[in-house]
Amino acid sequence: MIDVQNLSKSFGSHLVLDNISEHIHPGEKVVVIGPSGSGKSTFLRCLNLLETPTSGSITFEGREITDPKADINAIRRQMGMVFQHFNLFPNMTIRKNITLAPVRTKLMTQAEADDAATALLRRVNLEEKADAYPAQLSGGQKQRIAIVRALAMKPKLMLFDEPTSALDPEMVGEVLAVMKELAEEGMTMVVVTHEMGFAREVGTRVLFMDEGHILEQDEPHAFFAHPKQPRTIDFLSKVL
Amino acid sequence: MIRSLIDWLDSLGPRLYTAFIEADRWKLYLQGLGTTLELTVVALVFGVLLGLIVAMVRTAHDQQRPGRRKNPLLGLVNALCQVYTTVIRGTPMLVQLYIWTFVILRAERNKVLVGFIGLGVNSGAYVAEIIRGGLMSVDIGQTEAGRSLGLNYLDTMRFIVIPQAFKAILPSLGNEFITLFKDTSLVQAIGGMEMLYYAFTLGGRTYDFMPPLIGIALLYLAVVIIFTWLQGKLERRLRQSDRR
């Protein structure tokens, strides 16, 4: 589904991603873990070109998105993204947050989008918040809204950038539950997270990144039971 | 001392009568106030439109993705915008008005029209910087969220960034309105018939400048106070989405 070839990214003279090649298949739930500064968020943000790669190519469903002529807006419509800090639009009601993009990109009419928003809000049990503003919601509620806002575009792939890192501990569960449900429905997901339980339970593959490289990867049970690289063993011993 | 104070108070009534009531002169002040308000509003609308364009060009230019080839047209327009803000903000308003009147628009007889242009172009430069600051104050995550949903640059600006920036810049924009409102008095110097022009003329005609000048000073003050009150109301209304 996504094919990454020789991806490098540097900010100034600081090399954040060093020649990464990776393939993500449809239906996979890839969990990216690693110490902070290892480049995992940058890797994720390169996948929908929120960061422009310094070199290398990324292909999404046969189209090269790193090609300067690629229609980046059309490609992004098919990839949902959820941010650490939710990034809900504070100037709009929740309903408007969800319906803005589908309506403006002509995916749906306003009426269709309103119906879709109602259905999506029901799914995360936040129907009664449709006319509230983001400032009136808790962190966990905001993140659940952010997830369904991305889903309203009917994406083929969902990218999660540390979706629970900015939440109070008691709200982490409700967000992970929504993500887990999404995974069970077969959504292709790439998740950058520090939630090892989630990686183990939901992930189909775990990537461990360090200093701009994918150091090690495996199916979660084997990954957590028998890490091979000393750096991975060291990291896991600290977080588990 | 007390004698002269009493004399002064005694003469005040006739002086006020001569300045404002005799020959229906109060109508002239109101006429001047009308022109003053017209100058303010037209120049502000003009300035905001100009400022918005300049600010969007400058922001779009500064936000071009690094590593990609820069858009040369955008580079050129950006340079023009920078020259514009630098020149306008670096020269006195009155000098600009004189240049418009005696150099650029020498043939134009309608001095109020010249005032519209001079004030509007001037205010555009300040508004551009205010708006640019507002656009930059909106968290980059907002733009990223809009773009990641597949919205294009203009839609992201229009629905997400600009409304939030507008709320942030409203106090500075109100301040600009007040400054501009008072700066319209400079149009008197190029012969535009606004409030100060009438006060000055009537002062000359009646050989008494005190009542007309103090009178219009109070009028300016009253308009500013009313405007400040309206602005406060609008700000409270826009804060609606912040309540918890």
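Below, each value reflects all heavy atoms present in this structure, side chains not excepted, and no hydrogens, waters or symmetry copies.
Sorted by first and then second residue, the ring-ring contact (aromatic ring centres under 6.0 Å, His included) pairs involving residues 118-176 of chain B (not counting sequence neighbours) form an empty list.
Both the backbone and the side chain of B:N152 come within less than 4.5 Å of a heavy atom in chain A. Heavy atoms of A:L88 lying under 4.5 Å from chain B belong exclusively to its backbone. Interface residue A:N91: backbone and side-chain heavy atoms are both found under 4.5 Å from chain B. If you measure heavy-atom distances from A:F89 to chain B, the contacts under 4.5 Å come from both the backbone and the side chain.
For B:F227 and B:F181, the gap between ring centers reaches or exceeds 6.0 Å.
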Show the numbers, then the answer: is there a side-chain contact (heavy atoms from CB on, under 4.5 Å) between B:V103 and B:Y98? CA-CA 8 Å; B:V103 182; B:Y98 280 147; over 6 Å; no
Working for salt bridge (charged side-chain N to carboxylate O under 4.0 Å, His left out), residues B:E144 and B:R147: CA-CA 5 Å; B:E144 290 183 350; B:R147 299 307 301 275; over 6 Å; no
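Side-chain contact annotation: B:T91 with B:Q96, donor-acceptor N/O pair under 3.5 Å present. For the 3.5 Å distance criterion, the side chains of A:D3 and A:Q5 qualify, holding a donor opposite an acceptor.
Residues A:K9 and A:D18 are not paired through a salt bridge, judged by the lack of any N-O separation under 4.0 Å between the basic side chain and the carboxylate. Checked for salt-bridge contact, A:E185 and A:R123 meet the test: a charged N lies under 4.0 Å from a carboxylate O.
Proximity to chain A among residues 136-143 of chain B is limited to B:D139, B:G141, B:Q142, judged by heavy-atom separations below 4.5 angstrom. Chain B is approached within less than 4.5 Å, heavy atom to heavy atom, by A:R149, A:A150, A:M153 from residues 145-172 of chain A, ordered by number.
At least one test fails for B:K27 against the ring of B:Y29: distance under 6.0 Å to the centre or angle within 45° of the axis.
For CD of A:E211, the number of neighbouring non-hydrogen atoms (other residues, nucleotides, ligands) closer than 6.0 Å is 12 at most.
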N/O donor to acceptor pairs below 3.5 angstrom from side-chain atoms of residues 44-61 of chain B, sequence neighbours left out:
residue, atom, partner, partner atom, Å
B:T59, OG1, B:A55, O, 2.6
B:H61, ND1, B:N78, ND2, 3.2

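Of the possible polar contacts, none joining the B:T101 side chain to the B:I190 backbone as a donor-acceptor pair under 3.5 Å is found.
Chain B forms the most heavy-atom pairs under 4.5 Å with one residue out of A:T105, A:L107, A:L100, A:N48, and that residue is A:L100.
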